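As the structure is a computational prediction, the values presented were derived from the model and not from experiment. Just so it is clear, the values below take in all heavy atoms, side chains as well, and ignore hydrogens, waters and symmetry mates.
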Amino acid sequence: QVELVESGGGLVQPGGSLTLSCAASENIFSSVAMGWFRQAPGKERDFVAAINRSGSSTYYADSVKGRFTISRDNAKNTVYLQMNSLKPEDTAVYYCAARSGMFLKTRSYEYDYWGQGTQVSVSS
């Protein structure tokens with residue numbers, strides 16, 4: 001079992017930045033691919049970004065490409081989501097997720113473990 005704990009959410013003005021962190025409890029972090037998803041009220045959970053086990057490959061949703069950056073530190077069992085140029089439509093609960101395997105995936109059912117989520121609100 002892998003436990004994931006997100007942190008770093010909060011309220012930010014449009015155009016601002018936030019960095020989310022997701023710490024994994026088990027020392028298998030380097031063997032799992034990681035992803036970030038988000039869910040706005042009344043909407044489905046959407047893919048945001050993914051990173052492979054080594055951190056050498058990343059993939060982004062079109063809506064965040066060029067503004068968000070996913071990265072990981074396997075020595076610290078932590079994955080990050082740097083969010084710049086935030087917009088009101090980025091407001092959502094953000095979840096990190098882990099999946100066994102080497103390929104990047106964008107569908108939530110392809111992930112095995114989930115964090116509890118952290119709220120990001122973008123408003124003036």
Is the shortest side-chain heavy-atom distance between [X] and [Y] below 4.5 Å?
X     : Y     : result
Gln82 : Ser17 : yes
Phe68 : Thr58 : no
Trp36 : Ile70 : yes

Through direct or indirect side-chain contacts below 4.5 angstrom among Ile, Leu, Val, Met, Phe, Trp and Tyr, which residues connect to [X]?
X     : value
Tyr80 : none
Leu11 : none
Tyr95 : Phe37, Phe47, Tyr59, Val93, Leu104, Tyr111, Trp114

(request) Just grab all the disulfide (SG to SG under 2.5 Å) pairs involving residues 37-79, residues at least two apart or on different chains. (result)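 Every pair satisfying disulfide (SG to SG under 2.5 Å) with a residue in residues 37-79: there are none.
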(message) Determine whether a donor-acceptor pair (N or O, by modelled atom type, separation under 3.5 Å) exists between the side chain of Glu6 and the backbone of Cys96.
(response)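 Side chain of Glu6 to backbone of Cys96, a donor-acceptor pair under 3.5 Å: yes, one is there.
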(message) Could you check whether any side-chain N or O of Asp112 sits under 3.5 Å from a backbone N or O of Ser100, counting only pairs where one atom can act as donor and the other as acceptor?
(response)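 Side chain of Asp112 to backbone of Ser100: a pair is present.
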(request) Apply side chain to side chain donor-acceptor pair (under 3.5 Å) to Arg53 and list each qualifying residue two or more places apart in sequence or on a separate chain. (result)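 Listed in chain order: nothing, the list is empty.
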(message) Please determine whether the number of non-hydrogen atoms from other residues, nucleotides or ligands lying under 6.0 Å from atom CD of Glu89 exceeds 12.
(response)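 Yes, enclosed.
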(request) Report, as yes or no, whether the 6.0 Å neighbourhood of atom NZ on Lys65 holds more than 12 heavy atoms from other residues, nucleotides or ligands. (result)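 More than 12 heavy atoms, drawn from other residues, nucleotides or ligands, come within 6.0 Å of this atom.
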(request) Report yes or no: is the cationic atom of Arg99 (NZ for Lys, CZ for Arg) closer than 6.0 Å to the six-membered ring centre of Tyr113, at no more than 45° off its axis? (result)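 Judged by the rule, Arg99 and Tyr113 form no cation-pi pair.
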(message) Closer than 4.0 angstrom, basic N to acidic O: yes or no for Lys87 and Asp90?
(response)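 Between Asp90 and Lys87 there is no salt bridge, as every charged N stays at least 4.0 Å from the carboxylate O atoms.
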With a 3.5 Å cut-off and sequence neighbours excluded, list the donor-acceptor pairs that the side chains of residues 117-124 form with protein atoms.
from: Thr118; atom 1: OG1; to: Gly9; atom 2: N; distance (Å): 3.3
from: Gln119; atom 1: NE2; to: Ala92; atom 2: O; distance (Å): 3.4
from: Gln119; atom 1: NE2; to: Ser121; atom 2: OG; distance (Å): 3.3

(request) Work out which heavy atom in Arg72 is nearest to a heavy atom in Ala33; give both atom names and the distance. (result)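 Answer, listing the atom of Arg72 first, then Ala33: NH1-CA, 4.0 Å.
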(message) Is a donor from one side chain sitting under 3.5 angstrom from an acceptor on the other, for Thr78 and Asp73?
(response)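 Looking only at side-chain atoms, Asp73 and Thr78 do not form any donor-acceptor pair under 3.5 Å.
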